Undergrad: 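Here's a structure for you.
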Amino acid sequence: QLRLVESGGGLVQPGESRGLSCVTSGFTLDYYAIAWFRQAPGKEREGVSCISARGTNPNYADSVKGRFTISRDNARNTVYLQMNNLKPDDTGVYFCAAAYRGFLSHDATMIPTHFDSWGQGTQVTVSS
């Protein structure tokens, strides 16, 4: 059974940094692209970043380019999201999700309906 567990959320001030982790189990990470999505109160879930099974072609939403960095360690079954220069608009519940793409695929497409396994989410609040 595929399982994803996010951690690292919390309350941060604008301009600060925060790192999120997504620990996976029950599947071989080498076959899956992993993405981070977020959902703010009253808004639809949106894609933040995606990394391919091979760890190439990181894909970012325009709103986070230059501030967020996604990475993965397949040996540790973990995907990370480093968030720098956080803004109040970054507030929301952050989810990681997995999409099967084939062994060490380069595909980092971030279409929500492609992701069929999701974590429970971790809350990030950016406020002074």
Side-chain angles (χ1 to χ4, degrees):
Q1 181 178 356
L2 278 68
R3 188 164 182 249
L4 301 95
V5 179
E6 305 92 338
S7 64
L11 175 64
V12 295
Q13 294 194 349
E16 291 187 341
S17 298
R18 196 79 174 190
L20 303 182
S21 298
C22 173
V23 177
T24 69
S25 61
F27 60 103
T28 302
L29 202 55
D30 292 345
Y31 289 80
Y32 288 79
I34 302 294
W36 287 94
F37 295 84
R38 68 186 179 191
Q39 188 163 18
K43 295 186 178 181
E44 292 189 357
R45 190 172 297 187
E46 63 170 345
V48 174
S49 183
C50 181
I51 191 166
S52 71
R54 185 177 287 268
T56 56
N57 300 330
N59 190 2
Y60 297 97
D62 288 342
S63 59
V64 306
K65 280 181 182 176
R67 299 188 298 123
F68 288 15
T69 302
I70 191 170
S71 61
R72 64 192 288 156
D73 185 342
N74 286 5
R76 295 180 183 272
N77 297 319
T78 303
V79 177
Y80 306 95
L81 184 69
Q82 177 63 36
M83 306 182 293
N84 298 329
N85 190 23
L86 282 160
K87 304 175 180 181
D89 283 350
D90 294 319
T91 294
V93 179
Y94 283 70
F95 301 88
C96 61
Y100 181 84
R101 295 280 166 82
F103 184 65
L104 296 180
S105 166
H106 290 282
D107 186 355
T109 307
M110 190 165 51
I111 299 174
T113 53
H114 288 187
F115 293 82
D116 51 15
S117 297
W118 294 76
Q120 293 299 308
T122 185
Q123 175 72 44
V124 175
T125 302
V126 184
S127 175
S128 54

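In this text, all values refer to a predicted model and were calculated from it rather than measured experimentally.
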Undergrad: Just so I know, are the side chains of Pro14 and Val126 near enough to count as touching, which here means a heavy-atom distance under 4.5 Å?
TA: yes
Undergrad: Counting heavy atoms not belonging to Gln123, are there more than 12 under 6.0 Å from its CD?
TA: yes
Undergrad: Whether the Ser17 and Asn84 side chains hold a donor-acceptor pair (N or O, under 3.5 Å, no angle test) is what I'd like checked.
TA: yes
Undergrad: Give the minimum heavy-atom separation between His114 and Ala99, together with the two atoms involved.
TA: O-CB, 3.3 Å
Undergrad: Judged by atom type as modelled, is there a donor-acceptor pair below 3.5 Å linking the side chain of Arg72 to the main-chain atoms of Leu29?
TA: yes
Undergrad: For Tyr60 and Ile70, indicate whether the former's side chain and the latter's backbone hold a donor-acceptor pair under 3.5 Å.
TA: yes
Undergrad: Look only at the side chain of Thr91 and the backbone of Thr125, and say whether a donor-acceptor pair between them is shorter than 3.5 Å.
TA: no
Undergrad: Which atom names give the shortest non-hydrogen contact between Ile51 and Ala108, and what distance separates them?
TA: C-CB, 4.2 Å
Undergrad: If you look at every heavy atom in Phe115 and Ile34, which pair is closest and at what distance?
TA: CE2-C, 4.3 Å
Undergrad: Heavy atoms only: give me the nearest Ala61-Gly47 pair and the separation to one decimal.
TA: CB-O, 3.4 Å
Undergrad: Please examine the side chains of Ser117 and Leu4, heavy atoms only from C-beta on, and report whether any two atoms are closer than 4.5 Å.
TA: yes
Undergrad: Go through Thr56 and His106 one step at a time and tell me if the side-chain hydrogen bond (donor to acceptor under 3.5 Å, both in side chains) criterion holds.
TA: CA-CA 6 Å; Thr56 56; His106 290 282; 2.8 Å; yes
Undergrad: In Å, rounded to the nearest 0.5 Å, how long is the span from CG of Leu2 to OG1 of Thr24?
TA: 8.0 Å
Undergrad: Looking only at non-hydrogen atoms, find the nearest pair between Asp30 and Ala53 and report the distance.
TA: O-CB, 3.2 Å
Undergrad: Decide yes or no for Asn74 and Arg76: does some side-chain heavy atom of the first lie under 4.5 Å from some side-chain heavy atom of the second?
TA: no
Undergrad: Do the side chains of Ser21 and Val79 get nearer than 4.5 Å, heavy atoms only?
TA: no
Undergrad: Under a 4.5 Å cut-off applied to non-hydrogen side-chain atoms, are Val93 and Arg38 in contact?
TA: no
Undergrad: Which value, rounded to the nearest 0.5 Å, describes the distance between Asp89 atom CG and Ser63 atom OG?
TA: 8.5 Å
Undergrad: To the closest 0.5 Å, what do you measure between OG1 (Thr28) and CZ (Phe103)?
TA: 9.0 Å
Undergrad: So does Gly55 get a backbone contact from the side chain of Ser52, meaning a donor-acceptor N/O pair under 3.5 Å?
TA: yes
Undergrad: Tell me, do Glu6 and Trp36 make a side-chain contact under 4.5 Å, heavy atoms counted?
TA: yes
Undergrad: Decide, yes or no, whether a salt bridge links Lys87 with Asp90 under the criterion of side-chain N to carboxylate O below 4.0 Å.
TA: no
Undergrad: Assess, by modelled atom type and distance only, whether the side chains of Asp107 and Ser105 contain a donor and an acceptor separated by less than 3.5 Å.
TA: no
Undergrad: On a heavy-atom basis, which atom in Leu104 and which in Arg54 lie closest, and how many Å separate them?
TA: O-NE, 2.9 Å
Undergrad: With sequence neighbours excluded, tell me which residues meet side chain to side chain contact (heavy atoms under 4.5 Å, CB included) with Arg45.
TA: Phe37, Gln39, Phe95, Trp118
Undergrad: With a 4.5 Å limit on heavy-atom distance, are the side chains of Phe68 and Val48 in contact?
TA: yes
Undergrad: Find out whether Leu81 and Ser49 are in side-chain contact, i.e. whether some heavy atom of one side chain is under 4.5 Å from a heavy atom of the other.
TA: yes
